[in-house]
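In this text the structure is predicted, and so the values were computed from the model without any measurement. A note on names: the letters A, B, ... follow the listed sequences, proteins ahead of strands, and every chain is numbered from 1.
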There are 2 protein chains.
Amino acid sequence: MAITKAELFDKKQVQTAEFAKALGHPARIAILEILAKRDTCICGDITEQLPLAQSTVSQHLKALKSAGIIKGEIDGVRTCYCLDEETISDLQEIMKNFLTNLSTQHSNCC
Amino acid sequence: MAITKAELFDKKQVQTAEFAKALGHPARIAILEILAKRDTCICGDITEQLPLAQSTVSQHLKALKSAGIIKGEIDGVRTCYCLDEETISDLQEIMKNFLTNLSTQHSNCC
DNA sequence: ATCGTATATCGTAAATTTACGATGAATATA
DNA sequence: TATATTCATCGTAAATTTACGATATACGAT
């Protein structure tokens, strides 16, 4: 079962894992980089820049959105996507903390 | 198909996503934290500290190992796991770069 | 040589992910 | 109003992930 026993872990651990998971696909990394390159919101042209079908891109966008990393606003026919700076700050903080905790000490190992 | 069209993306993007994916489960986050808490290597007691079966923990360890984030050395009957400081440095660098690139500028959005 | 312990691997089941085409809903344009 | 465009969602298929128990392997201890 791909049931993740998330409830058996720390809230913090679950949150860290969820953010990491949201970044766990090259298409989503690429989407975030595309959004970052712009100083304005972006609509449909995301799909054109990726080697994936429109519906697939839409799915990845949904994943990023439900992780809170991007925002999407409807603007007429189009949907306007951009980064959610606030969540990205959190993400940055969480990852930094997690990773620096990993990298302190550890001398007499393997 | 869960076939990730990884070859269609940047090497850097694929690497970033792979690292993120390796961190994308609370059990793996927990394992890394357990390993970090020790200044010595750790063997079997990892399983005892997690709400998962031994075989499942072994699978997660394997995932972390093949991402290069931990090392495992056989020591008699037991296997001794510890963090791979070098990869963690890389990981830190990669994540920092990626995330700070996301968080620069972006004013006139949504 | 046998027994017990530690850990990896195998087999399996269920859920999830990734991907695509087709369809639907909403809006802009002719 | 009819048509075209944009994007989300549905249906579906295949691969992967997560999880477990059972088994295999390898070593240490008796």
Side-chain angles (χ1 to χ4, degrees), chain A residues 1-9 13-14 17-31 34-35 41-67 69-82 110, chain B residues 1-9 13-14 17-31 34-35 41-67 69-82 110:
Chain A
M1 345 144 185
I3 280 178
T4 260
K5 305 191 146 187
E7 68 285 0
L8 303 176
F9 294 91
Q13 290 170 338
V14 172
E18 257 166 17
F19 274 136
K21 199 176 176 184
L23 302 180
H25 192 288
R28 292 194 289 272
I29 297 290
I31 288 171
I34 290 170
L35 292 179
C41 288
I42 252 211
C43 312
D45 29 354
I46 296 176
T47 301
E48 287 156 36
Q49 296 179 59
L50 294 175
L52 295 171
Q54 180 265 323
S55 56
T56 306
V57 173
S58 198
Q59 261 181 115
H60 284 301
L61 286 167
K62 197 180 176 185
L64 288 168
K65 205 174 161 187
S66 67
I69 301 175
I70 65 174
K71 291 181 285 191
E73 290 206 348
I74 295 168
D75 170 28
V77 212
R78 335 190 103 227
T79 305
C80 165
Y81 282 105
C82 59
C110 305
Chain B
M1 348 145 182
I3 279 177
T4 259
K5 305 190 143 185
E7 68 284 0
L8 302 176
F9 294 91
Q13 290 170 338
V14 172
E18 256 166 17
F19 273 137
K21 199 175 175 185
L23 301 181
H25 192 289
R28 292 194 290 272
I29 297 290
I31 288 172
I34 289 170
L35 291 178
C41 289
I42 252 211
C43 312
D45 29 354
I46 296 176
T47 301
E48 287 155 37
Q49 295 178 60
L50 293 175
L52 295 171
Q54 180 266 324
S55 57
T56 306
V57 173
S58 198
Q59 260 181 111
H60 284 301
L61 287 166
K62 197 180 177 185
L64 288 169
K65 204 174 161 187
S66 68
I69 301 175
I70 65 173
K71 292 182 284 191
E73 291 205 347
I74 294 169
D75 169 29
V77 213
R78 334 191 103 226
T79 305
C80 165
Y81 282 106
C82 59
C110 306

* Structure fact -> Here the distance between atom P of C/dA6 and atom CD1 of B/Ile46, to the nearest Å, is 14 Å
* Asked: side chain to side chain contact (heavy atoms under 4.5 Å, CB included) between A/Ile69 and A/Leu23: does it pass, once the steps are laid out?
  -> CA-CA 10 Å; A/Ile69 301 175; A/Leu23 302 180; 4.2 Å; yes
* Passes side chain to side chain contact (heavy atoms under 4.5 Å, CB included), B/Leu50 versus B/His60? Steps please. -> CA-CA 11 Å; B/Leu50 293 175; B/His60 284 301; over 6 Å; no
* Structure fact -> Comparing B/Gln54 with A/Leu61, nearest DNA chain D nucleotide closer to 5' gives the residue A/Leu61
* Asked: At under 4.0 Å, does any side-chain N or O of B/Ser55 touch on OP1 or OP2 of C/dT7?
  -> no
* **Proximity to the side chain of A/Leu52 - top-ranked nucleotide from C/dA19, D/dA19, C/dA28** => C/dA19
* Asked: For B/Lys62 and D/dA19, what is the distance between atoms NZ and P respectively, to the nearest whole Å?
  -> 16 Å
* Structure fact -> Closest non-hydrogen contact found for A/Ala67 with A/Ala22 is CB-CB, 3.7 Å
* Structure fact -> Between CD1 of B/Ile31 and C1' of C/dT7 the distance, given in whole Å, is 13 Å
* N/O donor-acceptor pair, side chain A/Gln59 with base C/dA19, under 3.5 angstrom -> yes
* Asked: Roughly how many Å is it from CD in A/Glu18 to P in D/dT18, rounded to a whole number?
  -> 13 Å
* Please determine, for the side chain of A/Ser58, which listed nucleotide (D/dT6, D/dA8, D/dG28) has the closest atom? => D/dA8
* To do: Using a 4.5 Å cut-off on heavy atoms from C-beta on, say whether the side chain of A/Ser58 contacts that of A/Lys62.
  => no
* To the nearest Å, give me how far apart CG (B/Asp45) and C1' (C/dT5) are. => 14 Å
* Using a cut-off of less than 4.0 Å, is there contact between a side-chain N or O of A/Arg78 and OP1 or OP2 of C/dA26? -> no
* Structure fact -> Note: for B/Ala53 and A/Thr56 on DNA chain D, the residue whose nearest nucleotide lies more 5' is A/Thr56
* State whether B/His60 places a side-chain N or O below 4.0 Å from either non-bridging phosphate oxygen (OP1 or OP2) of D/dT17. => no
* Should the pair B/His25 and A/Phe9 be assigned to parallel (<30°), tilted (30 to 60°) or perpendicular (>60°) ring geometry? -> perpendicular
* Rounding to a whole Å, what distance do you find between B/Leu23:CG and D/dT18:C1'? -> 17 Å
* **Separation of C/dT7 P from B/Asp75 CG (nearest whole Å)** => 10 Å
* Asked: Do the side-chain N or O atoms of B/Tyr81 get closer than 4.0 angstrom to the phosphate oxygens (OP1, OP2) of C/dA8?
  -> yes
* To do: Send over the distance from A/Leu50 CG to C/dC20 P, rounded to a whole Å.
  => 11 Å
* Asked: With sugar-phosphate meaning primed atoms plus P, OP1 and OP2, does B/Lys21 contact a base, only sugar-phosphate, or nothing at under 4.0 Å between heavy atoms?
  -> sugar-phosphate
* Structure fact -> Between A/Gly76 and A/Ala27, whichever has its closest DNA chain C nucleotide further toward 5' is A/Ala27
